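Note that this is a predicted model, so its numbers are computed, not measured. Ligands are counted one by one from 1 in listed order, and the atoms in each one are counted from 1 as well.
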Amino acid sequence: MVSPLQDTTPWQGALPPRATATSSAPQISLDGPWAFRLHPARDIDAAPGAPGHDTIQVPGHFQLQGLEPDKRLDEAKWGLPAYTNVIYPLPVDPPRVPLGDIHGQANPVGEYQRTVTVPDDPDTETTRWVLRFEGADSHLTVWWNGHRVGHSTGSRLPVEFDVTPWLRPGENTVVARVAQWSAATWIEDQDQWWLSGLFRSVALLPRPSDGIDDHRVVADYDPATGTGHLTVTAERAGEPVECTYALPELGLHEAVTGQTYTVQVTPWSAERPTLYQGVLRAPGEEIRLSVGFRRVEVSGHQVLANGEPVLFLGVNRHEWHPRTGRTLDAATMEADVRLMKRLNVNAVRTSHYPPHPYFLDLCDRYGLWVIDECDLETHGFELDGWQGNPGTDPKWADALLNRVQRMVHRDKNHPSIIMWSMGNESDTGPNIAAMAQWTRDNDPTRLIHYEGDQAAAYVDVFSQMYTGLPQLERIGKVEEGPESRQGELTTEQHEVRRTRPYLLCEYAHAMGNGPGDLAQYRELFDRYERLIGGFVWEWIDHGILRRALSGPNKGQEFYAYGGDFGEELHDGNFVIDGLIFPDRTPSPGALEMAAVYSPIAISIDPDQRVATVSNRYRELDTTHLDFHWIAGDETGARAEGPLNLEVIAAGDQAQVDLPALPDANLGEPTGERWWRVEARLVTDRPWADRGHVVARGEASISTTPKATGPVSTPRRTGAGFQAGAAVFDDRGQLVRLGEHAITAPRVELARAPIDNDRRSPVADDAWHRLTPGAQWHELGLDRLHDEVLEAQLSGSQLRVVTRTAPAGRQLGVRTSWQWTAYGSSVELDVALDFEGDWRGIELGRIGLTFALPRSWQQVTWFGLGPGESYPDSRTAVWLDRHQLSVAQWQTPYVRPQENGNRSGVRWAEVADHQHHGVRISSDIPFDIALAPWSTAALAAAEHTIDLVGEDQVWLHLDLAQRGLGSAACGPRLSEEFVLRAETLTEQQRRRRFRFDLLG
Ligand code: IPT
């Protein structure tokens, strides 16, 4: 006998799908505590008995509720989280899944049980009692008072059962069995944690027989005339029913369903989310209407909304919370939407399943374009060449169609939804084409997206992932070839695809420190009409909150990732690839994205004292923004004031003169000064407070190098040498600066690999197939040996030559260090020469590392900040005098890696609380980072709790840093950001630093 868990039938006993609605009809929430236990999967259909002895909260995942953050894994009560990306964690024998002989182990089934109290004389004549589940992962079977009501799959889709025939007066018992693995597992292979249970709300709905079971709002907007065409329809028990509705702001008081009304309206868009509120009435029920008018169409190579081309500045969002997994409370969903708006995001793809319905309400209200994606992914079939893929195999046709129907019906009334997406990474096939066809027929008001249709045959946009910049440019110019990962297109297919707008449904992989290159992508989006934008991968790191149970950081919280739960198969920290950390703090990558996505671009010409402001909105003018100028210098002095700028219409730009700077406020007029212009919100918005900065532009005014004082000749001492305040040993190695012990600078050529350094090969031939990170390790660049070749006084300088090289190789770096003193200051001229064969080697950095006293914890610098920046990620930082402690300097990437680089630094002071320390400066802006741990310790750490403060502060002065890129899942790092010994510029090989003692 086939177990229902192994059957591809999507559901049995369920009511037809319908729209989510805010209704006046009563609702009995069944959220809260339920009795719980694990039940053997083999007996999924056995009649339920007494309730389990444990208690669990609904909504929630049972694996997460059975394991507190400070409990050992062997104390987990109901299974453990498991993370895989593509690969299925089970033997692939679809539609079969393990049933398991051992109680609850191979296929944990959660049995939920509770009582529901209804009136003593419940109406079962004119009321239908409907039990609704918003989400059960992955297979749900339901009993009401001991009667099996039905079952369902489709984890992130609602299902309703009519329980009226079995309803009893007073107390009723409901049992829900939710299996982790079922046939549906094969079509829910999204890149995320495997977590099960009743993870969304459950309710009992007494449905009035004279109510409204389903309704549809079609609100078209004609941009040529500014009129809206509104048709509302209603259904009861599957049949159209005539009802009236009111939308008072539109002058509609007694409108009738089924008729079309023409009204003057302001359309809905992400920029201007105009909703008209009203109510749809039937004798037994009122439903809230929240109507947004818009027309979505493809015109040429563009997607138009209300006649205006849409540029998608988007993010991919999985649902995630570090304690509750995919169970999100309303406040968290709202926090996400508000943060997206503050980060200048205008679109969200609900990768890779329909989100909690409330999230879509928020998108309607706050203004975000949505690609609503169906709960479908079969990526693991790729490992067997897509053999048996559900997109093709007829036995899955119903299941796939059922999913898209349930999504469209649930979400059809949201104006924010601009495209329906059929799913993700499921290859192509007739079953998916049929989903698209059904959707097109059912809802002609929206576009169809599916990246797996590489011929763009049954979708409206040609969509791809992680396309590199050169290929993107070819596509922008409509010069791409007929190639596709599903084979070469025919001429006809190619001609069709060439007519489609091009969307990056995923790009800029935000794993760890990154993504880089965002500004370059935006530039292409702006340049080529056919490039309609993209969605950064992805919104949030899916870290699971845990607490260190032992070790030096015992008790400290950290975030777990794949492999931390003892999974047999896992994909490590590939699940930590978000723009925001698990606690929802924006990472530097998120801030970079916000700057690149900004709807206002500001540039400053300091010589002409003119700022140019471009309005990149499609609809909004700049009435909601105030412009301010700020000027400052390295002393921290500043002046600021309002900028009087005319209102700039969408798509236009304007120039404005900046005032003459009052020298008196700005210290020494010889130093470097900067201008900054900010666009700030004039009034509070639902997503940000008044004054929130939407855009910044900046420019530096002038640099007049400071005169250096008279040279003082270095001298020999008993133990070595002295130059100004700098004291050296007899091999010319710096040992002290004034009173303070400092370890001689060493050359560093590697960095603690970022995820992008760990995942993409440097080239295709055998040795170069290593990733940069592996190459550094293989070659020994992460454990270099230093040898002093020479140390002597020469004229007014101490001249030292060292050789830095890995063991076992002939290649190395010969570094000349020339120290000159000016009074107590000391200058270092450093020059690196690469010896031997460095071909094919990509360097992490060209850096000098010093160990400073541990008490030097305060850093003040004049340069770009306050956040970290890298050569391909420096849009979000600005020139100013910034200040941070060494602790604040660190970016706590969930899997530790290179972080904290500050670039464009003119000078920096590192000091203790009494301001004893050192000031470092250079005529050429440099990169600097400080860390309480060494590069080796950072590289070795797997979690934040592995990092322990050391006895010194490590100072990194970098002449160059490798870019960030997106290579963990994207194209190789752009060559201009790769560091190779043979192509280093003069500035990347030599530099002069000056060190002044402070205090
Ligand atoms: C792509 C997936 O669509 C997404 O779910 C995620 O896994 C992402 O990669 C990487 O984090 S698929 C990839 C093969 C391009």
Query raised in the report: Looking at ligand 1, does any of its N/O atoms fall within less than 3.5 Å of an N/O of Glu377?
Result: no
Query - Under-4.0 Å heavy-atom contact with ligand 1, by part of Glu506 that carries it - result: side chain
Query raised in the report: How far is atom 11 (O) of ligand 1 from its nearest protein heavy atom, and which residue and atom name does that atom have?
Result: His509 NE2, 2.8 Å
**Report entry** Donor-acceptor contact present, side-chain Gln63 to main-chain Ser196, <3.5 Å
**Finding:** yes
Query raised in the report: If you measure every N/O of His379 against every N/O of ligand 1, is any gap under 3.5 Å?
Result: no
Report task. Check each heavy atom of Met511 against ligand 1 and say whether those closer than 4.0 Å belong to the side chain, the backbone, both or neither. Result -> neither
Report summary line: The closest protein heavy-atom partner of atom 6 (C) of ligand 1 is Asp191 OD2, 3.2 Å
Report task. Can you label the angle between the Trp193 ring and the Phe565 ring as parallel, tilted or perpendicular, going by 30° and 60°? Result -> perpendicular
Query raised in the report: So among Phe525, Phe312, Phe462, which one has a ring-ring contact (aromatic ring centres under 6.0 Å, His included) with Tyr502?
Result: Phe462
Report summary line: Short version for Asp577: what comes under 4.0 Å of ligand 1, heavy atoms counted, is side chain
Query - Under 3.5 Å: donor-acceptor pair, side chain of Thr944, backbone of Phe558 - result: no
Query raised in the report: In terms of atom number and element, which parts of ligand 1 are under 4.0 angstrom from non-hydrogen atoms of Phe574?
Result: 10 (C), 11 (O)
Query raised in the report: Between Trp386 and His379, how do the two ring planes meet: parallel, tilted or perpendicular, split at 30° and 60°?
Result: parallel
Query raised in the report: Hey, are Thr332 and His321 close enough side-chain-wise for a donor-acceptor pair under 3.5 Å?
Result: no
Report task. Classify the angle between the aromatic ring planes of Phe381 and Trp186 as parallel (below 30°), tilted (30 to 60°) or perpendicular (above 60°). Result -> perpendicular
Report task. Considering only non-hydrogen protein atoms, determine which one is nearest to atom 5 (O) of ligand 1 and report residue, atom name and distance to 0.1 Å. Result -> His352 NE2, 2.6 Å
Query raised in the report: For ligand 1, which atoms have a heavy atom of Asn424 less than 4.0 angstrom away?
Result: 2 (C), 3 (O), 5 (O)
Requested in this report: Just let me know how Asn85 lines up against ligand 1, side chain, backbone, both or neither, with a heavy-atom cut-off below 4.0 Å.
Outcome: side chain
Query raised in the report: Which of the numbered atoms in ligand 1 are below 4.0 angstrom from a heavy atom of Met465?
Result: 1 (C), 3 (O), 12 (S), 15 (C)
Query raised in the report: What residue and heavy atom of the protein are closest to atom 13 (C) of ligand 1, and at what distance?
Result: Glu425 OE2, 3.8 Å
Query raised in the report: Going by the angle between their ring planes, with limits at 30° and 60°, are Tyr450 and Tyr458 parallel, tilted or perpendicular?
Result: parallel
Report task. Would you please classify the geometry between the His352 ring and the His318 ring as parallel, tilted or perpendicular, with 30° and 60° separating the classes? Result -> perpendicular
